[in-house]
Enquirer: 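Mind having a look at this structure? Questions to follow.
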Amino acid sequence: MEPTIIVIGIVIFLALAFDFINGFHDTANAIATSVSTRALRPRVAILMAASMNFIGALTFTGVAKTIGGSVADPATLSNGLEIVTATLLAAIAWNLITWWFGIPSSSSHALIGALAGAVFVGAGADALNMGGFKSIVLALILSPIIAFVVGYIVMTILKWIFGRRSPHSVNKGFRTMQIITAAFQSFTHGTNDAQKAMGIITFALVTAGFQSEMEVQLWVKIAAATAMALGTSIGGWKIIKTMGTKIFKIEPINGFAADASAASVIMTATLTHLPISTTHAITSAILGVGSAKRFSAVKWGVAGRIVVTWFITIPICATLSGVIFYVLDWIFY
């Protein structure tokens, strides 16, 4: 029992480290537009995002149960702790690499891809719940498309309503409105992204025999919410710069449209217990808003680089976690 407790402790530490890194990696999702338009000062924006992330993380658990039980059944895995360890090491490595280069990649893609790869290598193809895995991947693929369309529609409507008014007065009003949408965006980020670490910890607890069902315990909720909030409080300035300035020149009305669109998509996913990429949602919403404003205003080269990262994340993380599992198995067994 003692070695199991040590391993579960390591897994919990890695899961919270992933959540912490996810916090500063994805801070840009919530505050990039409001900071770039100067609706909020950077420090104020980060503190608000951290607070709303914490509240959001404590509010729901449906996504955690999906993460913990849809890719594989933890109760049937004899080496589940090793699988989770490889998963988290691969996802953390990919998050740090993309953060270093300022690329807003998906922590969700990284975690799901890494978990699938580790389960495949560690327990075989039969252990993978392909139906659950496909439904998660489908949600990850469709959500940015939906966010793009919603962002385009919302911005088109706003142009139609406010197109004849003074840009100065319009942007002054929407700069205030951005504070509300940034807070909502931060809240929804917590409702979806923090759930992923909760799901992985619960997955590990079930596979180790510490609990029998995929119910998220209160201490897991608080620990994951705190780790996410602390990570958010540090901020990911490289990605904030990419999101806020390198896709297109964002004005307050654009930031409002992008945040409102992305937050609506994320909240819908949370209510339906589907883990999606908050990074994909806000980036796609910004692209949709920019296209509605003026198609040529979008820097499609930067957008293309981001999209390529989206497509390669799952296979790279799956391969990486499989290799890490082999290494761990070789070292300890």
Side-chain angles (χ1 to χ4, degrees), residues 8 11-12 14-16 18-19 22-23 26 53-77 80-81 83-85 87-88 91 106-120 122-123 127-143 187-229 265-278 280-281 314 317 321:
I8 198 74
V11 167
I12 292 170
L14 289 174
L16 295 179
F18 171 82
D19 219 16
N22 192 0
D26 287 358
N53 260 332
F54 183 84
I55 295 170
L58 291 177
T59 308
F60 298 92
T61 59
V63 172
K65 294 177 182 178
T66 299
I67 289 286
S70 291
V71 177
D73 182 357
T76 64
L77 301 175
L81 291 180
I83 287 172
V84 173
T85 302
T87 296
L88 289 168
S106 167
S107 299
S108 305
H109 279 211
L111 190 64
I112 295 299
L115 180 58
V119 169
F120 181 83
L128 269 176
N129 179 1
M130 290 306 298
F133 178 67
K134 286 178 181 177
S135 66
I136 292 174
V137 172
L138 184 62
L140 290 171
I141 292 172
L142 290 180
S143 55
F187 174 80
T188 60
H189 178 259
T191 68
N192 205 281
D193 266 23
Q195 305 297 311
K196 290 149 193 172
M198 294 182 199
I200 286 294
I201 292 174
T202 305
F203 184 105
L205 291 172
V206 172
T207 196
F210 288 100
Q211 62 184 70
S212 58
E213 296 181 354
M214 283 299 302
E215 288 297 326
V216 183
Q217 297 184 44
L218 179 60
W219 70 266
V220 176
K221 293 181 188 179
I222 294 173
T226 302
M228 173 74 75
V265 171
I266 297 166
M267 196 69 229
T268 301
T270 297
L271 293 174
T272 54
H273 301 173
L274 287 173
I276 67 169
S277 169
T278 55
H280 287 201
I314 288 180
C317 287
S321 66

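Just so it is clear, the model here is predicted, and its values are computed rather than measured.
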Enquirer: Establish, from distance only, whether the side-chain atoms of Ser108 and Ser277 form a donor-acceptor pair under 3.5 Å.
Expert: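 No, no side-chain donor-acceptor pair sits under 3.5 Å.
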Enquirer: In Å, rounded to the nearest 0.5 Å, how long is the span from CG of Leu274 to OG of Ser135?
Expert: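 Rounded to the nearest 0.5 Å, the CG-OG separation comes out at 6.5 Å.
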Enquirer: Shortest non-hydrogen contact from Ser70 to Ile136?
Expert: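 Result for this residue pair: CB-CD1, 3.9 Å.
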Enquirer: Can you tell me how far CE of Met214 sits from CE of Met198, rounded to the nearest 0.5 angstrom?
Expert: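 Met198 atom CE to Met214 atom CE measures 12.0 Å (nearest 0.5 Å).
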Enquirer: Which pair of non-hydrogen atoms, one from Ala116 and one from Phe133, has the smallest distance, and what is that distance?
Expert: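 Distance-wise, the nearest heavy atoms are CB-CE1, 3.5 Å.
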Enquirer: When you measure from the side chain of Thr207 to the backbone of Ala204, do you find a donor-acceptor pair of N or O atoms at a distance under 3.5 Å?
Expert: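 Flag not set: sc Thr207 to bb Ala204 has no pair under 3.5 Å.
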Enquirer: Find the distance between CG (Asn53) and CG (Leu58) and round it off to the nearest 0.5 Å.
Expert: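 Answer rounded to 0.5 Å: 11.0 Å.
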Enquirer: At their closest point, which heavy atom of Ala114 faces which heavy atom of Ser321, and how far apart are they?
Expert: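 Shortest heavy-atom separation between Ala114 and Ser321 comes out as O-OG, 2.7 Å.
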Enquirer: Identify the heavy atoms of Leu111 and Lys196 that sit nearest to each other, and give their distance.
Expert: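 In this case the closest contact between Leu111 and Lys196 is CD2-CB, 3.6 Å.
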Enquirer: Do Gln195 and Ile67 touch side chain to side chain, with heavy atoms closer than 4.5 Å?
Expert: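 They are not in contact (no side-chain heavy atoms under 4.5 Å apart), so the answer is no.
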Enquirer: Provide the closest heavy-atom pair for Leu77 versus Ala127 in the form atom of the first, atom of the second, distance.
Expert: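 That would be CD2-CB, 4.1 Å.
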Enquirer: Walk me through whether Met228 and Asn22 qualify under side-chain contact (heavy atoms from CB on, under 4.5 Å).
Expert: CA-CA 7 Å; Met228 173 74 75; Asn22 192 0; 3.8 Å; yes
Enquirer: May I ask you to check whether over 12 heavy atoms, not counting those of Phe120, lie within 6.0 Å of atom CZ?
Expert: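 Atom CZ in Phe120 is not crowded, with 12 or fewer foreign heavy atoms closer than 6.0 Å.
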Enquirer: Would you call Phe203 and Thr87 a side-chain contact if the rule is heavy atoms closer than 4.5 Å?
Expert: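 Heavy-atom side-chain distance check fails, nothing below 4.5 Å.
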Enquirer: Taking C-beta and beyond as the side chain, do Glu213 and Val206 meet within less than 4.5 Å on heavy atoms?
Expert: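 No, every pair of side-chain atoms sits at 4.5 Å or beyond.
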Enquirer: What is the distance from atom CG of Asp19 to atom CG of Leu14, rounded to the nearest 0.5 Å?
Expert: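 One gets 12.5 Å once the value is rounded to the nearest 0.5 Å.
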Enquirer: Could you point out which residue of Thr202, Ile201, Leu205 forms a side-chain contact (heavy atoms from CB on, under 4.5 Å) with Gln217?
Expert: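 The passing option is Leu205.
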Enquirer: Under the side chain to side chain donor-acceptor pair (under 3.5 Å) test against Thr270, which residue among Asn192, Asp193, Thr59, Thr188 passes?
Expert: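 Exactly one pass, corresponding to Asn192.
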Enquirer: What is the distance from atom CD1 of Ile12 to atom CG of Leu88, rounded to the nearest 0.5 Å?
Expert: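 It is 11.0 Å, given to the nearest 0.5 Å.
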Enquirer: How long is the straight-line distance from CD1 of Ile112 back to CD1 of Ile276, given to the nearest 0.5 Å?
Expert: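 Here the rounded value is 12.5 Å.
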Enquirer: List the atom of Phe187, the atom of Met267, and the distance in Å for their closest heavy-atom pair.
Expert: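 For Phe187 versus Met267, the nearest heavy atoms are CE2-SD, 4.2 Å.
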